[in-house]
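Computed from heavy atoms alone, side chains included, the values below leave out hydrogens, waters and symmetry copies. Here is the naming used below: chain letters follow the sequence lines, and residue numbers restart at 1 for every chain.
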Number of protein chains: 2
Amino acid sequence: MKKKRPSLKDIAEVLNVSTTTVSFVLNGKGKEKKISDELIAKVEAYLKEINYKPNLVARSLRTGSTRILVFMVEDISNHFFSKVGRLIEDISYKNDYRVLFCSTENDLKRTQDLIQVFHERQVDGFIIVPPPGIQEDIENLIESEMPVILFDRKIPEIDCDYVIINNFEGAKNSSEHLIDSGFKNIAFITIDLDQVQMHDREAGYIAAMNEAGLTPNILKLPYNTSTVGSSRETMKEFINNSKDLDAIFFATNYLSQSGLKGIHQIDTQLIDKLGIVSFDDSGFFEMYSPTISAFAQPVEDMAENLMRIMFQKLKNKGNAKPEQLVLEGTLVKRESSKAKVV
Amino acid sequence: MKKKRPSLKDIAEVLNVSTTTVSFVLNGKGKEKKISDELIAKVEAYLKEINYKPNLVARSLRTGSTRILVFMVEDISNHFFSKVGRLIEDISYKNDYRVLFCSTENDLKRTQDLIQVFHERQVDGFIIVPPPGIQEDIENLIESEMPVILFDRKIPEIDCDYVIINNFEGAKNSSEHLIDSGFKNIAFITIDLDQVQMHDREAGYIAAMNEAGLTPNILKLPYNTSTVGSSRETMKEFINNSKDLDAIFFATNYLSQSGLKGIHQIDTQLIDKLGIVSFDDSGFFEMYSPTISAFAQPVEDMAENLMRIMFQKLKNKGNAKPEQLVLEGTLVKRESSKAKVV
DNA sequence: ATGAAAGCGCTAACAT
DNA sequence: ATGTTAGCGCTTTCAT
């Protein structure tokens with residue numbers, strides 16, 4: 001009744017060969033180890049016959065490698081992260097690595113927990129979008145020789161590998177695009193989060209406004225996942241109170257989505273009077289009416305670089321000095337930022 | 001330089017105790033195994049001091065259990081699946097299980113591969129939304145005593161545990177709601193997929209239409225993730241050619257999303273003339289303008305039942321006859337299905 | 001060309 | 001109350 005899964009030893013016994021032989025054949029090292037063709041054939045036939053599945057836990061214990069990578073982002077259902085994730089998965093797959101996805105929700109406790117879980121389970125590397133406060137845990141990870149690459153945002157205090165984009169330029173370009181479309185009272189709606197990428201986006205917006213001789217108008221929402229509704233109310237108030245407001249630049253795609261909902265709630269027609277650009281693209285933006293312009297990050301480029309660095313670290317066993325990449329994104333112009341006909 | 005992670009043995013040596021003692025303390029069995037309080041304290045202090053992290057790969061090899069569950073759905077970024085996933089994760093966490101999420105994309109090859117990967121890695125159980133053709137692999141899994149629960153859809157040929165909803169009733173209710181709102185020419189847009197849940201939704205729609213003396217009007221799109229664009233063109237043609245069409249009932253939330261985009265492309269105002277209901281809710285629907293009505297599945301209920309059954313199977317080591325649950329959903333009425341003022 | 005055997009880090013039955 | 005030790009299933013060095 002209890003059909004325990006056959007082990008290498010069981011197979012060796014049945015075939016009257018040693019476990020060594022079976023192991024070599026299993027790992028395709030038969031030729032290399034000069035095992036006779038007929039024996040190889042015999043073993044392979046049997047492995048296939050019983051549909052043998054090696055116990056990878058045992059293999060990992062022995063080899064010290066799980067061939068598992070972890071991709072830990074703020075929210076894997078976010079268009080940007082899932083897109084990069086998918087690309088990373090493909091590249092990993094071709095190199096015989098699997099990748100595990102998880103969402104930190106930008107929550108420190110949760111992230112620490114995830115890092116711990118995967119570290120204990122001996123994964124081979126981490127790609128992490130670091131939430132605030134995670135610095136020490138990241139340092140510990142690196143300390144213990146674990147390959148770690150930061151993504152989307154860096155931690156200035158740590159000198160480690162990262163792949164990010166030029167947030168300042170992206171925000172500046174986006175703002176300038178709205179200005180070029182003739183908008184004058186452009187607001188910037190962002191999150192009150194002490195992280196570099198947010199500061200840079202804000203700075204980019206302010207720079208563009210100043211250069212154009214326009215007055216910045218900024219709303220900083222408290223960062224708190226649990227009160228999405230209340231922050232939308234704040235947005236609505238802000239929009240209502242901003243005199244002559246004619247355009248909004250949102251600092252993230254989820255802010256835009258919440259904002260669009262708020263705009264719709266204020267007045268069904270309001271969206272047609274406002275210029276909108278969002279930082280970070282989203283599948284939603286193409287579908288919305290009007291379609292929403294967005295500053296898109298170079299996902300393929302990011303994924304490729306991330307994996308190039310990762311494989312390098314996996315080989316070099318953690319010497320080599322950190323690679324720190326700052327890539328450029330592209331502004332995708334859609335209906336929402338077109339000049340309004342007066 | 002190379003700071004190998006300390007093992008239980010290393011710790012035992014440093015403290016001049018046996019590995020057993022350390023192991024017992026580590027696993028909180030100190031009291032139970034009558035280890036003196038002072039020794040327990042001493043060991044615990046040291047474990048904390050060096051920030052010891054046990055090698056869970058070794059533990060799993062020894063115990064035969066990884067305390068990992070896999071939640072394998074069509075697309076984890078889909079609102080419905082991610083919501084259930086999150087609930088499952090919470091419940092698992094409280095019971096000291098971790099859950100790994102992955103997307104099958106309803107692709108047979110990919111799913112087989114994922115099953116194999118996780119099976120080899122000795123996960124403790126699977127919750128699977130089965131893609132077409134996966135029957136045999138599921139049977140093998142169950143055969144090998146792996147706890148498996150089907151979710152969202154069943155495979156009629158296999159007598160195993162599953163948790164699904166009453167698709168027929170859900171589709172019938174949704175259709176009736178449109179009929180009650182005064183719509184007469186209600187189309188049903190679905191996927192041409194030979195799976196029970198799709199057949200049931202179609203049947204529910206047809207039943208409602210027939211009972212109301214209305215004529216069904218069905219569009220079946222080919223199932224093929226790679227040609228989303230072309231299927232939208234088909235939808236647009238269908239909508240244009242359906243004389244006097246005044247409402248659409250979409251069979252899935254992603255069809256709705258694509259459909260809404262198509263409707264927007266045909267004519268910006270068209271959406272205001274059509275009644276819309278979608279099967280499966282989505283965060284998008286609350287945000288769209290107008291907000292979209294949807295037949296929502298009882299996510300909490302599903303998650304709780306899924307985990308109740310899973311834990312039971314984990315304990316019983318696979319005897320017990322299969323539990324087969326069919327739950328009811330709820331129609332969430334929003335703007336899109338309101339009677340149109342003429 | 002093939003096999004014996006050590007050992008990865010942990011748990012737990014058994015011994016003392 | 002604490003220690004000794006046998007494995008879990010696999011890889012790989014060394015021996016033959």
Hey, is the side chain of A:T21 poking within less than 4.0 Å of OP1 or OP2 on C:dG3, counting only N and O atoms?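 Affirmative; the distance criterion is met.
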
Strictly below 4.0 Å: does B:S7 bring a side-chain N or O up to OP1 or OP2 of C:dG9?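 No.
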
Once you apply a heavy-atom cut-off of 4.0 Å, does B:L8 come out as touching a base, just sugar-phosphate, or nothing?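 Base contact.
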
Using whole Å, what does the distance between atom P of nucleotide C:dG3 and atom CG of A:L15 come to?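 Interatomic distance, CG of A:L15 to P of C:dG3: 10 Å.
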
Taking only nitrogen or oxygen atoms into account, show me every contact under 3.5 Å that the protein makes with nucleotides 12-16 of chain C, one pair per line with its distance.
from   : atom 1 : to    : atom 2 : distance (Å)
C:dA12 : OP2    : B:K29 : NZ     : 2.9
C:dA12 : N6     : B:T20 : OG1    : 3.1

Could you give the angle between the helix axes at the two ends of the helix from C:dA1-D:dT16 to C:dT16-D:dA1, with five pairs per end, rounded to 10 degrees?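 One end's axis against the other's: 50°.
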
State, with a plain yes or no, whether a side-chain heavy atom of B:V73 is found less than 4.5 Å away from one of B:F80.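 Answer no - side chains too far apart.
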
Where each residue is assigned the nucleotide of DNA chain C containing its nearest heavy atom, which of B:L26 and A:S18 is assigned the position nearer the 5′ end?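 Closest to the 5' end, via its nearest nucleotide, is A:S18.
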
Which pairs pass side chain to side chain donor-acceptor pair (under 3.5 Å) with one or both residues in residues 32-42 of chain A, sequence neighbours excluded?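 Of all non-adjacent pairs touching residues 32-42 of chain A, those that pass side chain to side chain donor-acceptor pair (under 3.5 Å) are A:K31-A:D37.
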
Between B:H119, B:R121, B:E120, which is the residue that forms a side-chain contact (heavy atoms from CB on, under 4.5 Å) with B:V117?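 Going through B:H119, B:R121, B:E120 one by one, the side-chain contact (heavy atoms from CB on, under 4.5 Å) with B:V117 is satisfied by B:R121 alone.
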
Show me the donor-acceptor pairs within less than 3.5 Å that the side chains of residues 61-72 of chain B make with the rest of the protein, sequence neighbours left out.
from  : atom 1 : to     : atom 2 : distance (Å)
B:T63 : OG1    : B:R59  : O      : 2.9
B:T63 : OG1    : B:S65  : N      : 3.3
B:T63 : OG1    : B:S65  : O      : 3.3
B:S65 : OG     : B:R67  : N      : 3.4
B:S65 : OG     : B:D124 : OD2    : 2.9
B:T66 : OG1    : B:I68  : N      : 3.4
B:T66 : OG1    : B:Q122 : O      : 2.9
B:T66 : OG1    : B:D124 : OD1    : 3.3
B:R67 : NE     : B:D96  : O      : 2.9
B:R67 : NH2    : B:N95  : O      : 3.1

Mind jotting down which residue pairs meet the salt bridge (Lys or Arg N to Asp or Glu O under 4.0 Å) criterion with at least one end in residues 150-159 of chain A? Sequence neighbours excluded, please.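 Salt bridge (Lys or Arg N to Asp or Glu O under 4.0 Å) check on residues 150-159 of chain A returns A:E74-A:R153.
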
Rounded to the nearest 0.5 Å, how far does OH of A:Y52 lie from CG of A:N55?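 Here the interatomic distance stands at 7.5 Å.
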
Among residues 36-60 of chain B, which residues get a heavy atom nearer than 4.0 Å to DNA chain C?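 Heavy-atom contacts with DNA chain C come from B:Y52, B:P54, B:N55, B:A58, B:R59.
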
